[in-house]
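Here the structure comes first, spelled out in structure tokens, and everything after it is commentary.
Numbers restart at 1 for each chain; the letters A, B, ... are given by sequence-line order, proteins then strands. The basis for the numbers below is simple: all heavy atoms, side chains too, and nothing from hydrogens, waters or symmetry mates.
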There are 2 protein chains.
Amino acid sequence: MRDVARMAGVSIKTVSRVVNQQGEIAAATRQRVIDAINELGYRPNRLARAMITQRTHTVGLVIPDITNPFFPEVARGVQDVAQEHGYNVFICNTDGGAVATQKALYSLADQSADGVIVFPAALRDETLGEFAAAFRPVVTINHLFEHQNVGCIMVEIRRGAQMAVEYLCQAGHVAIGMITTEHPPKMKTRRVLGYTDILQAHGLPIRDEWIVTGPATLDGGYTLTHKLLDQFPEITAIFTYNDLMAVGAISACKEMARGVPQDCAIVGFDDIQLSTVTTPALTTVRVDKYAVGQQAMHCVLHMLEHPDQQFVPTSIPMQLVVRESA
Amino acid sequence: MRDVARMAGVSIKTVSRVVNQQGEIAAATRQRVIDAINELGYRPNRLARAMITQRTHTVGLVIPDITNPFFPEVARGVQDVAQEHGYNVFICNTDGGAVATQKALYSLADQSADGVIVFPAALRDETLGEFAAAFRPVVTINHLFEHQNVGCIMVEIRRGAQMAVEYLCQAGHVAIGMITTEHPPKMKTRRVLGYTDILQAHGLPIRDEWIVTGPATLDGGYTLTHKLLDQFPEITAIFTYNDLMAVGAISACKEMARGVPQDCAIVGFDDIQLSTVTTPALTTVRVDKYAVGQQAMHCVLHMLEHPDQQFVPTSIPMQLVVRESA
DNA sequence: CTGAAAGCGCTTACAG
DNA sequence: CTGAAAGCGCTTACAG
């Protein structure tokens, strides 16, 4: 910058002014500066600028695992709107661990990220609150958290689960099992809530033994389906936590010579690409993952512009996608 | 930091020394400083530090599309080793465009990233060279580029293609088609080279009409397979550019009532998760994507530590995974 | 329309 | 073992 100023025969301040396009500048002066900039290949140092403006044009995205097909799409959503606004985005994987999440959050704050988007997963509310007290904005996805410094993007999970199970009921199923992830004892997740909502609405009994839990993976779905159907062969339909588990369930059914959907209907959750290529193709509840990412980034931007304003939680609607497995 | 110094009754310099664990410090003094740090919740500002040390502990990863199942795994590879070494990583999507790639590169340099990992895709060598002249280190994946400032991680694509086609030949196929992406006329990609290598080795004719090109997607594979088999029904095996295309090819064959693998064998490339859940499951060439990412990040780290050293290209070996489609 | 000075929050020689 | 000064590359009031 000094070199540019010298070459153009002006002060550093003037260079700064043309770079930032602020204030009035004599056309001739500006041209001289621009020429010097081009000749020297000068590019402003964003770090130095950031130190003054307190804006790094950087946001962090904290997710369990980019390798899980759910997350790349939301990542793309945030990246696309970030890029539109001149932001770069850090991505951190936590594998769902509470301490890894916490570390990632503070590491992002140390890097002076302007904002942070996080799937809080196992993170305790207390920890999240501590962080939010020192950092703003943070936006959580799928986790309601009331705080001046946090915005929330909510996927209507309970509604989605209701749609899935309702569809199964409409098709005449009365013995519907559920395969889901482990969760704290006694706590019902939104998916389980949606499931019981509908059973109740139809006057169907809720049998806790029909709800089995394990890792939300292909293998998890496979193993749990075996377990569930071995024990309760009367079950004719299964609603799963996500598509990965649903695809595992399809494999298990094939192996057990249970036709899908005739002998056992299966409905997944998320609508990832995988679900279109299985045989039968998966009936599932679509989450607009890309929109989730976009909204989250918009939320960050909004909170950055309005430091004093409370952000009202945004809801992302769900949609049932009927294919072949149910 | 000033507050910490004041509270501990020492100079700023002393605080800096305990934070960076450098130099000898009286135990009592150190303790006082540490207490002050904890009490105040002081965290060093990495930006300010970066401005001096010229190290942001930040790297950029420039890929076509995080939504393509190939890339999350390599991203995870670089992120994991990055994190181990205290680095955060920016991810930029380019959709394979040359100008988007160039923009991403310079944006990363503007952010003062310490290094950059890039799939150069459509980027012209000249552009890459210009960038590398002003920035170091850059490491390219799958693109050999001789330059003091660039390291290369090479996947043995030609070798992988040879393995795939050799397997098909061994199985007795003599009419083997190929579905691949568009590429500059007259230029043979490494996959096509591997394909022709083996045909030649077996004394089989090379028929350019049997090599069809289009987008490397599910749909692309589907459409091209229709086209290829409609025109040349004598073809009994197809080697595809990637697994996405291979899965599309399977769909097309099903629709055309061609049994896979009996009537038409199919071999893919990459070994993404998708390929395990199709019916039939895909035979493919495995690329260790995670290792690619790890190596790339190691390369960055190495080049950062040895500014004067030329990095020798690293090769990632391939492996044929035989499942059901061939 | 343009310039000189102070300062963002640190680290790096250099003294003592 | 510890301190005072300069400076990383910019921007922000404040003058003129």
Side-chain angles (χ1 to χ4, degrees), chain A residues 1-37 40-58 86 88 106-114 134-135 304, chain B residues 1-37 40-58 86 88 106-114 134-135 304:
Chain A
M1 190 159 181
R2 193 177 8 199
D3 299 339
V4 173
R6 191 177 307 145
M7 184 163 187
V10 300
S11 74
I12 282 183
K13 169 57 186 152
T14 304
V15 177
S16 170
R17 260 190 286 253
V18 352
V19 168
N20 296 297
Q21 323 193 37
Q22 67 189 200
E24 308 278 289
I25 294 192
T29 314
R30 163 188 283 120
Q31 196 49 55
R32 252 185 307 142
V33 173
I34 289 176
D35 289 347
I37 286 177
L40 262 30
Y42 167 77
R43 302 202 126 227
N45 181 322
R46 298 180 79 161
L47 241 55
R49 181 180 295 176
M51 242 178 103
I52 290 236
T53 60
Q54 304 287 20
R55 281 280 127 90
T56 54
H57 287 269
T58 268
N88 275 326
Y106 281 96
S107 145
L108 257 7
D110 286 348
Q111 285 278 9
S112 303
D114 288 344
F135 187 91
L304 243 19
Chain B
M1 188 160 182
R2 193 174 10 196
D3 299 338
V4 172
R6 190 176 310 145
M7 183 161 186
V10 300
S11 76
I12 282 184
K13 169 57 186 152
T14 304
V15 177
S16 170
R17 258 189 287 253
V18 353
V19 168
N20 295 297
Q21 323 194 36
Q22 68 189 199
E24 309 278 288
I25 294 192
T29 314
R30 164 187 282 120
Q31 196 50 55
R32 252 184 307 142
V33 173
I34 289 177
D35 289 346
I37 286 176
L40 262 29
Y42 167 77
R43 304 202 122 228
N45 182 322
R46 298 181 78 162
L47 241 55
R49 181 180 294 175
M51 240 176 104
I52 289 236
T53 59
Q54 304 287 18
R55 280 281 128 89
T56 53
H57 287 270
T58 269
N88 275 325
Y106 280 96
S107 145
L108 257 7
D110 287 348
Q111 285 278 9
S112 303
D114 288 344
F135 187 91
L304 242 19

- [ ] Give the B/S/- string for nucleotides 6-16 of chain D, one per nucleotide from 5' to 3', where a protein heavy atom under 4.0 Å of the base yields B, of only the sugar-phosphate yields S, and otherwise -.
- [x] -BBBBBBB---
Task: Test side chain to side chain contact (heavy atoms under 4.5 Å, CB included) applied to A/Q31 and A/I34, step by step - done: CA-CA 5 Å; A/Q31 196 49 55; A/I34 289 176; 4.1 Å; yes
TODO: Nearest 0.5 Å please: distance from the CZ atom of B/R49 over to the CG atom of A/L47.
DONE: 13.0 Å
- [ ] Report yes or no: does B/R46 contribute a side-chain atom to a donor-acceptor pair with the main-chain N or O of A/Q111 at less than 3.5 Å?
- [x] no
TODO: Nearest 0.5 Å please: distance from the CG atom of A/D114 over to the NE2 atom of A/H57.
DONE: 6.5 Å
Task: Presence of A/T29 side-chain N/O under 4.0 Å of C/dT2 phosphate oxygens OP1/OP2 - done: yes
- [ ] Under the side chain to side chain contact (heavy atoms under 4.5 Å, CB included) rule, what do B/T29 and B/R32 come out as? Steps first, then yes or no, please.
- [x] CA-CA 5 Å; B/T29 314; B/R32 252 184 307 142; 3.8 Å; yes
TODO: Check whether any side-chain N or O of B/T56 sits under 3.5 Å from a backbone N or O of B/S112 as a donor-acceptor pair, and report yes or no.
DONE: yes
TODO: Please map the stems of DNA chain C, keeping only stretches of three or more Watson-Crick or G-U wobble pairs with both distances under 3.5 angstrom.
DONE: C:1-3 with D:14-16, C:5-12 with D:5-12, C:14-16 with D:1-3
TODO: Could I get the full list of side-chain contact (heavy atoms from CB on, under 4.5 Å) partners for B/L40, not counting sequence neighbours?
DONE: B/D3, B/V4, B/M7
Task: Candidate pair A/V19 and A/I37, rule side chain to side chain contact (heavy atoms under 4.5 Å, CB included), full reasoning - done: CA-CA 9 Å; A/V19 168; A/I37 286 177; 4.0 Å; yes
